[in-house]
Amino acid sequence: MTPMEVTSSTYDPQAVEAKWQARWAEQGTYQIDNDDPRPPYYVLCMYPYPSGPAHQGHVRNYTFGDLLVRYWTMHGCGVLSPIGFDSFGLPAENAAIRTGTHPRVFTAARIEELKASLRGMGAVYDWRREIRSHDPEFMKWNQFIFQRFLEAGLAYRKKAPVNWCPGCQTVLANEQVLPDGTCDRSGDLVVKRDLEQWFFRITAYADELLEALDDLQWPERVKTMQRNWIGRSEGAEFELKVVGSGDGPAARTIRVFTTRPDTSFGMTFVVLAPEHPLVAQITTGDHQGEVEAFVERVRGETDIERQSTESDLAKRGVFTGAYAINPFNGASVPIYLADYVLMTYGTGAIMAVPGQDQRDWEFALAYNLPIIRTVQPPPDWTGEAYTGDGPTINSAWLSGIPDVRTAKIAAIDWLEAQGIGERKVNYRLRDWLVSRQRFWGCPIPVVYCPVHNIVPVPESQLPVLAPDDVEFRPTGESPLRYHAGFLNTTCPICGGPAERETDTMDTFVDSSWYFLRFCDPWEADAPVNPDAAEHWMPVDQYIGGIEHAILHLLYARFYTRALADLGLVPKHLREPFKRLFTQGMIRMGGSKMSKSKGNLIAPSKYYDTVGADSLRLFHLFVGPPNEDFDWTEQTDDVIEGCHRFLARVWRLSSGTADRLNIVDRAPRPSDVEVGKGAHRLIDRVTRDYQRWSYNTAVAAFMEFVNQLYRYAQTDEGARADTLAFAVDTLLTLMAPMVPHITAELWELRHGEGSSVHDQAWPVADPELLKVDTETMVVQVNGKVRDRLTVAADIGEDEAVGLALESPKVQDQLAGRGVKRVIARPPKLVNVVV
RNA sequence: GCCCGGGUGGUGGAAUGGUAGACACGGUGGACUCAAAAUCCAUUGCUCGCAAGGGCGUGCGGGUUCGAAUCCCGCCUCGGGCACCA
C-alpha cells in the first residue's frame, strides 16, 4: 500500500487519542506477567502524591517514562511499567480538618482526577499492579517490615526534639520547615518540643550508603548532594583528663573528636556542648551560677537562634572554672561551654585550636585565650587561622613533619600507642525520625503495656487500621489520641490493659519500598516476592524530580539494604535504582509551578485543543530534560508549533498534503538520497534517544519532514516505495514520543491489526550512512575563507591542493609565505601563514 | 564559607577541540483568498557597504593549540545543595 491510496480526513487529535487510549486499556497492551520470556526492563517514575489533576511537571515526568516503556518494548524487552499513588499525607488531613470530609474520600477523588489526566496523556501502565499507600494490604506489609526492623534493632524509640508550629498547632516534618526556620504554611517560627519518637537506624548503613554511590549511574549532582548529606569526616577521638579529678581509673575524662589531631599541640582550650553530661560535675563552685544560667538560656533557644552566625561570640560561651590536661604536652587548658558545640555530633566536646580553625580563633579573641600556630603558613599569609597544608611547628616531637596528612597519621599512631585514643570516622547523617503525630498515615503497630513495655502487634492482627469515626480538630495531636476505642487495647502478651501507639509513620516510609511491591503486588505471604524481585530489580531506569535527591532516594537505598540483610529481598540486592534521571522543574514567574502557588497550567486545556501528542512533543522539544524550564507567554506558541508539525506529519503520511507528486519509477539519485536520509535519521535519532537528547531528536524529525515535503512536491516527484519507506521509518522512530498519531497513521497505511508499537526498532545500514561528498572548510590562520564540495574519500594531498588553488585563499595569501598546512580531509584544511 | 551546576541571537535552544547559532518560536516581506484563518515560499546574530565584500561576535581577563563556546588559570554573575559538624 502506498500513501497515495490512503484517504483520510484532517488530523483530529481528540478522536485519535480517545480511540488508542481505549484500545490500549481494553487490550491490556502494556500489562506484563512475571513469566514473560522477553528480557526484563523495569521503568519507573516516582509514584505521585495525588493532589488532583496532573500538572505540567507530571506531564513532563510521565512523558519521559512512557517514552522509555514504549522504546524498550520496541527493542524486544518485556517492560515492567507500574504506577501507584503516594496517598498518605498532610494535605488530605488538613482538608479533613477544614471540611470534615474523611481523608480517604478526599484522596480517592484526587486519585481519580490524577488517573484521568495520566490516561489522557496516553501514558501506559500495567494498572493491575496499582498500589496506593493507604491500601490495607500495603499497610499490613509496611507494618510487618516495621516489626522486622524492631526485632533487628533497626527501629528504636527515644526522646527527641520535634518541630512544632504554634500557629498550626501541629508537629511538622523537617521538610515543612523553611530554611529560615519558619512554617511553610503559617509563617510562624517553628520551635522544638521534646517527645518520645520512633527512629530507623539509617546511620548503621552510613558508610555503605556513601561508598556505593560511586558505582551508581546517577547524576553527579545527586550523588554529591547525598555525599554532603551523609557527611563523612575522618579524624581521631581521644580523652583528656579533667584537672583535679584524681588519677587512674577514677579520673574524669572528656572525649573529644577532631579531624585535625596533627594540631593538638596548639590546643589552648576545650569546649563542651551545654547539654554535655559532665557539665554539672566539673563546674567549679564560683562559676556555677553563671554556667547554670547559660545552660538554661541555650535550652530555650530555637535551633535558628542557636545556629545563627550573626550573634556575638562573647555571649555564646561561658567558662566552667575547670581545666583539662592536653595529653600531648601536659598543659592545662580551660574548659568552656558554647552553644555552637552540638551534643548530637561527635562526642559533644571539642578541642579548640585557634591557630588552625577560624571559629576557634574568633572565640579565643573574644575570651582572651592564647593562640599557637602548629602549621607553618606560607610567607605571604595575611589571614588569621590557617587551615591549609604546611609543615608542623611548635609541636615538640611532631614538629618538622612536611605535610598535614603525614602529621595526622603520626598523631593518631601516638594516641593509639598511649592507649588514650584512636582513629575515628564521624557522620553528619542522623537516624531517621519516622514518628508523625498525624492521622492520615500508616499506624505504628505497637502497644504499650505497663508490664511488658513496648509490645509489637502480632502479625495475625495486622494491619492496624485507624477507625473511621474520628473527629478532625487542629489540636496538633492525632485524632487517634482521643479515640478511646482505638487507644485502649490489651497487651498481646499478658492480656492486661494497654495503650496503642497513636503516631503514624512518615510517608517516606511508604515510598521506600513500593517499587519492590510492584514486582508482585499479589504476593500474599510476604511484603516482597523474592523471585519477582530477582527478576525485575533493580529498577533499570528511575525518573523523578531533583527535589527528592536526598530524602526519598537515600531512604529507599537504606530500605533496600536493610530488607536484603533481613532476608526479605535477595541478599545481593543492595541498590534499588540502577539508573536515575532527574528532570528539571517547570517554573513560572520565577517559582516552581505548583498547586500551592496557584500557578498551574492544566494539561486538559491542551488535550482538548492541540491534543496530548502535541503537548508531549512540546515537553520533549523545549530543551534538555534535566534542565529547568520557564513557562512564559510564548510557551503556547511553541506548543502550537508542535501541533503544526504533527499536522504536517499527518498530511504527509496520509497522502492528504497539497501538491504531492508520487510516481512509480526505478530509483533515481534523488530517491537514493532520501533513502539514505532515512538511514541517517535512524542513526541520529537512536543515538539521541540513548543520551536523553530528545530535543535534538525532534529537530531531526522536523528536518526530515521538511526534506520529504521538498522531495514530494517537486516536478520530478517522489518514488512511491522510497517515500513509503521514509514515512514508515519516521513514524516508527516517533512512536515512543507521540504514540497516538503514529499508531493511527500506521494503521491507516498498513491496515487494521498492524501496530507501530509492535515494530522492531529500526537499524541503520552502515553502507547507506556513507556519503559521497562533504563540504570542506578552508581556513587561513584558523579563519574560514572558503567552503569547497569535495569527494568524501579525498586524499590529503588533493585536499591541500584544492585549498591552495581557491581564489579566496589566494587573495588572503597574497605576498605571504605558507608556513604550514594542517589537513583533516575531507572536513577541513587550515593554511598557516 | 565549602561543594555542585549554568551564562551562546529578540526567545527556547543546537554545536562532545574543526563551518557558531541546527530545529523551533517570534518578526519582516510575498503567494493563495473578496477578505480572514489555515497553508505554502523567502528572509531574519550585530555591524560597515548601493553592491561585491569586509569587520565583530558564545559573561570578563589571560593561557594552551594550526584552530577554543568547548581544555587550563584567575575573575564576574545566576541557580542549587550543605553550612558553628569540630
Side-chain angles (χ1 to χ4, degrees), chain A residues 10 179 219-229 231-233 235 237 256-260 271 273 306-309 311 313 316 338-342 344-353 356-360 362-363 387 426-430 546-547 549-550 585 587 590 618 621-624 626-630 632-642 644-645 647-648 651 657-659 691 693 695-706 709 713 775-787 808 811 819-824 827-833:
Chain A
T10 53
E220 273 312 313
R221 185 172 163 211
V222 175
K223 294 208 256 185
T224 304
M225 282 164 73
Q226 291 214 349
R227 284 190 192 104
N228 286 345
W229 189 261
R232 179 189 162 99
S233 46
E237 204 174 285
V256 295
F257 171 71
T258 178
T259 55
R260 293 295 302 274
V271 191
R306 184 159 174 186
Q307 302 200 350
S308 162
T309 46
S311 57
L313 256 182
R316 303 188 58 192
D339 62 356
Y340 63 77
V341 176
L342 309 175
T344 48
Y345 185 79
T347 59
I350 61 168
M351 69 170 202
V353 185
Q356 267 73 232
D357 182 283
Q358 187 59 29
R359 191 196 46 211
D360 291 347
E362 286 159 19
F363 194 90
T387 55
N426 262 321
Y427 297 92
R428 210 191 67 94
L429 184 70
R430 301 285 189 278
I546 187 78
E547 66 273 20
I550 295 171
M585 287 189 312
R587 287 182 312 223
F618 155 76
F621 180 58
V622 76
N626 58 327
E627 282 175 24
D628 289 353
F629 171 74
D630 281 304
T632 67
E633 322 78 64
Q634 294 175 34
T635 301
D636 274 356
D637 286 334
V638 180
I639 297 172
E640 196 62 48
C642 289
R644 276 202 294 274
F645 168 69
R648 236 164 110 73
R651 291 192 300 270
D658 290 339
R659 305 195 324 273
R691 64 188 182 115
S693 182
N695 53 335
T696 54
V698 174
F701 292 142
M702 289 173 168
E703 275 178 67
F704 191 60
V705 168
N706 291 342
Y709 265 88
Q713 290 179 329
T775 301
M776 186 173 82
V777 172
V778 184
Q779 300 178 331
V780 177
N781 285 347
K783 274 187 185 281
V784 178
R785 295 300 174 182
D786 203 2
R787 295 181 174 90
K808 290 174 183 169
D811 283 355
K819 277 190 197 151
R820 196 178 159 190
V821 180
I822 314 288
R824 295 282 180 277
K827 289 284 194 187
L828 175 127
V829 171
N830 186 14
V831 182
V832 185
V833 297

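No hydrogens, no waters, no symmetry mates; every other heavy atom, side chains included, goes into these values. The chains referred to below are lettered A, B, ... by the order of the sequence lines, with proteins before strands, and numbering in each begins at 1.
Partners of A/Asp636 under the salt bridge (Lys or Arg N to Asp or Glu O under 4.0 Å) rule, at least two apart in sequence or in another chain, are A/Lys605. Partners of A/Gln713 according to the side-chain hydrogen bond (donor to acceptor under 3.5 Å, both in side chains) rule, which considers only residues two or more places apart in sequence or in another chain, do not exist here. Residues passing the salt bridge (Lys or Arg N to Asp or Glu O under 4.0 Å) test with A/Arg659, sequence neighbours excluded: none. Here A/Arg232 pairs with A/Asp207, A/Glu234 under the salt bridge (Lys or Arg N to Asp or Glu O under 4.0 Å) rule; sequence neighbours left out.
Distance check on atom P: B/A22 versus B/C66 gives 31 Å, rounded to whole Å. Look at the P atom in both B/A68 and B/G17: the space between them is 14 Å, to the nearest Å. Comparing the P positions of B/A14 and B/A31 gives an interatomic distance of 37 Å, to the nearest angstrom. The P atoms of B/A83 and B/C3 are separated by 16 Å, rounded to the nearest whole Å. B/A69 and B/G9 have their P atoms separated by 14 Å, given to the nearest Å.
If you look at A/Phe701 and A/Phe621, their ring centroids are not closer than 6.0 Å.
Going from atom CZ of A/Arg428 over to atom P of B/C85 covers 11 Å, rounded to whole Å. Spacing between atom CD of A/Glu547 and atom C1' of B/G81 amounts to 14 Å, rounded to whole angstrom units. Between A/Arg232 atom CZ and B/C82 atom C1' there is a gap of 18 Å when expressed in whole angstrom units. Remark: C1' of B/C32 and CZ of A/Arg659 are 10 Å apart, rounded to the nearest angstrom. In this structure, CD of A/Glu362 is placed 13 Å from P of B/G1, rounded to the nearest angstrom.
Between the side chains of A/Arg648 and A/Asn706, a donor-acceptor pair is found at a separation under 3.5 Å.
Taking each heavy atom of A/Val256 and A/Ile350 in turn, the nearest pair found is CG1-C, 3.7 Å.
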All N/O pairs under 3.5 Å across the protein-nucleotides 52-59 of chain B interface:
from: B/C56; atom 1: OP2; to: A/Lys783; atom 2: NZ; distance (Å): 3.4

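Side-chain N/O atoms of A/Arg648 include one lying less than 4.0 angstrom from OP1 or OP2 on B/C40.
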What does nucleotides 3-28 of chain B look like as a protein-contact string, B for base, S for sugar-phosphate only, - for none, at under 4.0 angstrom between heavy atoms?
SS------SBSSSB-BBS-BBSSS--

